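Keep in mind that the numbers below use all heavy atoms, side chains included, and drop hydrogens, waters and symmetry copies. Since the model is a prediction, treat every value here as computed from it, not as a measurement. Note on naming: letters A, B, ... go to the chains in the order of the sequence lines (proteins, then strands), and numbering restarts at 1 for each one.
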Number of protein chains: 2
Amino acid sequence: MLSERHLEVVLAIVYEYIKTGEPVGSRTISRKFLKDRSAATIRNEMSDLEVMEYLYQPHTSAGRIPTPKAYRLYVDAIMRRQRSFPADSDGWLRELRARRRDAEEALGYATRLLGKITNYIGVAALGPVEETVLQRVEFIRMGHRTALILLVLKGGLIHHKTVVLPCDMTQENLDELSGRVSTVAVGRPWGDVRDTLQAYVEDALERYADNCRTAIREMDGILTEQPFQFFTGGTHNVLGMPDFNDLGRLQAIMGLLEEDESIGKLVQGCSAEKGLCITIGDENPVFQMRDCSIVMASATTGGRRAIVGLIGPVRMDYERSISVLEGILGTLSDNGESEEGGR
Amino acid sequence: MLSERHLEVVLAIVYEYIKTGEPVGSRTISRKFLKDRSAATIRNEMSDLEVMEYLYQPHTSAGRIPTPKAYRLYVDAIMRRQRSFPADSDGWLRELRARRRDAEEALGYATRLLGKITNYIGVAALGPVEETVLQRVEFIRMGHRTALILLVLKGGLIHHKTVVLPCDMTQENLDELSGRVSTVAVGRPWGDVRDTLQAYVEDALERYADNCRTAIREMDGILTEQPFQFFTGGTHNVLGMPDFNDLGRLQAIMGLLEEDESIGKLVQGCSAEKGLCITIGDENPVFQMRDCSIVMASATTGGRRAIVGLIGPVRMDYERSISVLEGILGTLSDNGESEEGGR
DNA sequence: CTTAGCACTCCACAACCGAGAGTGCTAATA
DNA sequence: TATTAGCACTCTCGGTTGTGGAGTGCTAAG
């Protein structure tokens, strides 16, 4: 198995390779990290590590490059360490805090910020509100047989949708309808009242039964579907990187980041577990991203689950990425001020 | 000046260069376009065109490449021609039409669609509503001293903003306030009623004067600022293109497309004049876009001014781009069905 | 177990060369 | 006078060759 020194060597190689991007030779390790051992000794270790699939050589007589397996080792190691905020992003964090009121705007800004600070790609997914409690319901007549459904949720989130009703209604009728719906539905979780409401309108409002059914169906659609929203920022950052010199692959990646479903797939691994989550290279569910790693974490902002992350090359600076992400996340999340690791 | 044949030659060169991307030689022109003239004759013309700055050579003994000046000539020429819809995008247009109800969603989809069909970058800017007529005003209490301002405009556009008031108010007070504001402001252009409203609340509601002033100020902010919204789609399309082999420049371009102001600058040239508008290479106001051309046009969708465009390399297929853009725009714009050129 | 020494491998880079495409010029032609 | 054929010249592109350097694997000695 892995001896203590094997571990030292492989971690050193990952560290060095992340910094330089060049295959790492035995001399380098001997000179910079394990000063009391000669290059030849290191070479033997490296040879072992190669058969264990922690390293590989692009060709004989080149240095070694870490495999995803080695990165995993490295990442697990630094996850145990304590980190501190990067100092340079303080001003931006203030700016971010100012936008925290609107979750969508905040996440949009956060992704751009992540991109700017780290030079990787920032991504975010904003989930539905944790508990959907209606605060206000309005039906507004827009034209013949079309009405605007307007729902204000507790917490200030607003949903609206223009719908076509089976038959025309005056604004007065609609007001009456929204009044009745309000008395039943406002202040309680939607899940609890939906069926009650259904029964109630069937019973009391048989005059507009069709319209009511449509309206409630639409409301239910709005409130239970509540799709994730996705954000990206700084996609252009990875353009110059030597790790992405294959433009075809890079194009595939950029293409994915324009589709909501793909981003959804990427972050879904994180949605389960709490806290930081890192997928390296081909660990992640979309094969086009095999050259990328994703560092992500979840938070609650404005009562909604959010996943914020960074996409970079497998050879990304995980340590710094984690720090920055935690900084952003701390600022973003509902339990306010810096709450972890801080300086 | 430009003789008839000079023109023929330069147009042929642009046409051929757009198709192949290779410098065009005199033989090619003689063989494919001006069959009754020899290569030597064409060479003389080309020499003239070079001193007139319509063409240039990347090096001696290469063919000629058109300058922006030549592209301008070419574009002006094809603008005069009648075009027909590209047949292949019919299914997508139907899809687009289905989303026309919500201008924002429609434009988002339109840019992605443009990207997909043309393999260039789709952009769009959505302006403010032409006439801001309030249909409904609500103030909703969210917490101590914070309230949600909810404005429904004629046409179905919704604005909302959470504001902090100078002093706390009950929901009843807020309802009264919104009732009063509604009676004055609903159904008339905001510009006409703002001052009336101001005077009225000062007069009749001196009890909440501070709050009213804040509320009206915020409303005015929402309704008069009404910033443009911007959309992009298919940014990854240009990645493989040989015209953008300088990754540094490409990165600058992609960076710009993430900033709203930059896109604003790019489309502002179009906002003035009606109809189609093409900027070629360094004609456009942002120097980083000197390798790009933009084909754009404006429309009205959902009562709002929209500018939709395509960004491609200077060597883009203008003819096809224009066709596609017109197709999209026709589907998108308020006066409904295909209204120009169409098959 | 560790290390110095050495032969070997392979890449990266530069120099070189020839083929091909296209031009400019000149002199002949209609 | 406008057009064209012919020809020498230039420049790029692709392939080949050669060299320096970095790094390895192996062996034998400490």
task: Rounded off to whole Å, could you give me the CD-to-C1' distance for the A/Glu50 and D/dT24 pair?
output: 10 Å
query: Rounded to whole angstroms, how far apart are CD on B/Glu45 and P on D/dA2?
result: 11 Å
Difference in axis direction between the ends of the helix from C/dC1-D/dG30 to C/dA30-D/dT1, five pairs, 10°: 20°
Atom pair distance, as rounded to whole Å: OH in B/Tyr56 and C1' in C/dG22: 16 Å
task: Take atom CG of B/Asn44 and atom P of D/dA5, then tell me their distance rounded to the nearest Å.
output: 13 Å
query: Is the closest basic N to carboxylate O distance between A/Arg72 and A/Glu283 below 4.0 Å?
result: yes
- line: Rounded to whole Å, the NE2-P distance (B/His6 to D/dA2) equals 12 Å
- prompt: Between B/Pro58 and B/Ala39, which is nearer to the 5' end of DNA chain D once each is assigned its nearest nucleotide?
  reply: B/Ala39
query: Side chain of A/Asn284, backbone of A/Gly281: donor and acceptor closer than 3.5 Å?
result: yes
Note: B/Glu259-A/Arg112 ion pair, threshold 4.0 Å (strictly below): no
query: Any idea which of C/dT3, C/dC11, D/dG25 is nearest the A/Arg37 side chain?
result: C/dT3
query: Does A/Ser47 reach the main-chain N or O of A/Arg43 with its side chain, forming a donor-acceptor pair under 3.5 Å?
result: no
message: I want to check one thing: is the phosphate of D/dT24, taken as OP1 and OP2, less than 4.0 Å away from some side-chain N or O of A/Ser26?
response: yes
message: Under a 3.5 Å cutoff, is there a donor and acceptor pairing between the side chains of A/Tyr71 and A/Ser293?
response: no
query: Does D/dT4 have OP1 or OP2 sitting under 4.0 Å from an N or O in the side chain of B/Thr41?
result: yes
- prompt: How close or far is atom P of C/dC1 from atom CG of A/Asp36, stated in whole angstroms?
  reply: 17 Å
field: Phosphate OP1/OP2 of C/dG22: any B/Ser61 side-chain N/O under 4.0 Å
entry: no
- prompt: Does A/Thr60 put a side-chain nitrogen or oxygen below 4.0 Å from OP1 or OP2 of C/dC10?
  reply: yes
- request: For D/dA5, take OP1 and OP2 only and decide whether either is under 4.0 Å from a side-chain N or O of B/Arg43.
  value: no
message: Mind checking if A/Arg27 touches a base, just sugar-phosphate, or nothing, with heavy atoms under 4.0 Å?
response: nothing
- prompt: Between B/Gln57 (side chain) and B/Ala62 (backbone), is there a donor-acceptor pair under 3.5 Å?
  reply: yes
field: Phosphate-side-chain proximity, A/Arg31 and D/dG23, N/O vs OP1/OP2 below 4.0 Å
entry: no
message: It should be established whether A/Arg64 places a side-chain nitrogen or oxygen under 4.0 Å from OP1 or OP2 of nucleotide D/dT24.
response: yes
task: Could you name each residue pair satisfying side chain to side chain donor-acceptor pair (under 3.5 Å) that touches residues 231-250 of chain A, not counting sequence neighbours?
output: A/Thr235-B/Glu258, A/Asp243-A/Arg315, A/Arg249-A/Asp291
query: Backbone N or O of B/Asp317 within a donor-acceptor pair of the B/Tyr120 side chain at under 3.5 Å?
result: yes
- prompt: For DNA chain D, whose closest nucleotide is more 5', that of B/Arg5 or that of B/His59?
  reply: B/Arg5
- request: Would you kindly give the OH-to-P distance between A/Tyr17 and D/dG23, to the nearest whole Å?
  value: 14 Å
task: Calculate the interatomic distance between B/Ile42 atom CD1 and C/dA21 atom P; express it in whole Å.
output: 19 Å
